[in-house]
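Data first, discussion second: the structure below is written as structure tokens.
In what follows, chains are A, B, ... by sequence order, proteins preceding strands, each numbered from 1. All values reported here derive from a predicted model rather than from experimental measurement.
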Number of protein chains: 2
Amino acid sequence: MKMKHFFGKPDGGEWRVTAQTVLCGEAIAHMPYIATSYDAPLHPPGWRFSGVSSHLRYTTNDERGRLNQNPGILGRAAATCAALIPIRKNEAWWSMAQDERRAIYARSVHLEIGLDYLPEIARQLFHSRDAGEPFDFLTWFEFPPEATDRFDDLVGRLRATEEWQYVDREIDIRLTRINEEEAEE
Amino acid sequence: MKMKHFFGKPDGGEWRVTAQTVLCGEAIAHMPYIATSYDAPLHPPGWRFSGVSSHLRYTTNDERGRLNQNPGILGRAAATCAALIPIRKNEAWWSMAQDERRAIYARSVHLEIGLDYLPEIARQLFHSRDAGEPFDFLTWFEFPPEATDRFDDLVGRLRATEEWQYVDREIDIRLTRINEEEAEE
């Protein structure tokens, strides 16, 4: 279980922040760059959020099969856009039993919404809640610039679900990858 | 989500270690005392394992109702015995989808085994896996001395289940509470 760190930095990241929107809850400081790393030797000036890519919490084996038929691949050269969306859910959500949360997840067709945009919009979920972090999840998406409208559609559909009624803090950070020429300037 | 810390200490804990048994996997250093705290300002000489009392991972709402009919209460004066059992499950377990893990949990009658010993043997589960800890869970039990045989029976039944075939590291640390007179000596 390696913890991945996301750093908001005043300079020198892999990704440039193009927009930062508070959907609900407390804001975080705006930083113009984001870097990611599995190592966190020093806390840079700025913020750090961390999470682990953990086991499946609601996905059934059948659903995993459907996801893997057409997987979204991270790190594609054409996917120069990304989004980091830290999310927290409220106590009403976490105090529910597993079957109650699974039922809301299913009614919200959360998995099916994601499937509609595969493989163009690749996604990775990092779990933060059990690490004592301020957010419960860090969701990471990568997509080509021409998929930006479809990405807006994806997150809009998720935010309209029953499941999202339990989200009490959400920040949408849009990013573009810094190319090597630019980084060398 | 407050993280609770369990400290193995050379002296000065709330609990005296009476036995430490490695069931499987790598051992940990034997320390004669254990202390617990929600704060971890300094790492003491010895070891520290940490976890959070988190949301329900497999328990349904119906099952929670059965647990709450006859709950085990922690901190009872008569419950002078305790056990700290750190557990890790293997990759075969964690790579399964939610429904596959839930099915093994159900076939192993894990919940029902615990119910058989309520309210005499009280139990609390701390999750460590997503915090990058060496164990996935820290299980904590409290019971009166006369329930020791029944506690052995409880853990013996759990260890014989299909679910326990996925446990690849387990250490059983038995404890007795240090009374105030003794602590003042």
Applying a strict 4.5 Å limit to non-hydrogen atoms, the region of A:Arg102 in contact with chain B is neither
Please answer: with hydrophobic residues joined when any side-chain heavy atoms are less than 4.5 Å apart, are B:Leu138 and B:Trp94 in the same cluster? no
Expected contact set for residues 56-72 of chain A against chain B at heavy-atom separation under 4.5 Å reads A:Leu56, A:Arg57, A:Tyr58, A:Thr59, A:Thr60, A:Asn61, A:Arg64
Expected contact set for residues 116-134 of chain A against chain B at heavy-atom separation under 4.5 Å reads A:His127, A:Arg129, A:Asp130, A:Ala131, A:Gly132
inquiry  = Same cluster or not: A:Val22 versus A:Leu84, using hydrophobic residues (I, L, V, M, F, W, Y) connected whenever any side-chain heavy atoms lie under 4.5 Å apart?
reply    = yes
Let me check something: do B:Val52 and A:Trp93 share a hydrophobic cluster, defined by ILVMFWY side-chain heavy atoms less than 4.5 Å apart, either directly or through other members? no
Same cluster for B:Ile85 and B:Trp47 if Ile/Leu/Val/Met/Phe/Trp/Tyr side chains link at under 4.5 Å?
no
Notebook entry, point to check: If you draw a 6.0 Å radius around CD in A:Glu146, do more than 12 non-hydrogen atoms from other residues or ligands fall strictly inside?
Noted result: yes
(Q) Applying a strict under-4.5 Å side-chain criterion to I, L, V, M, F, W and Y, I'd like to know whether A:Trp140 and A:Ile113 cluster together. (A) no
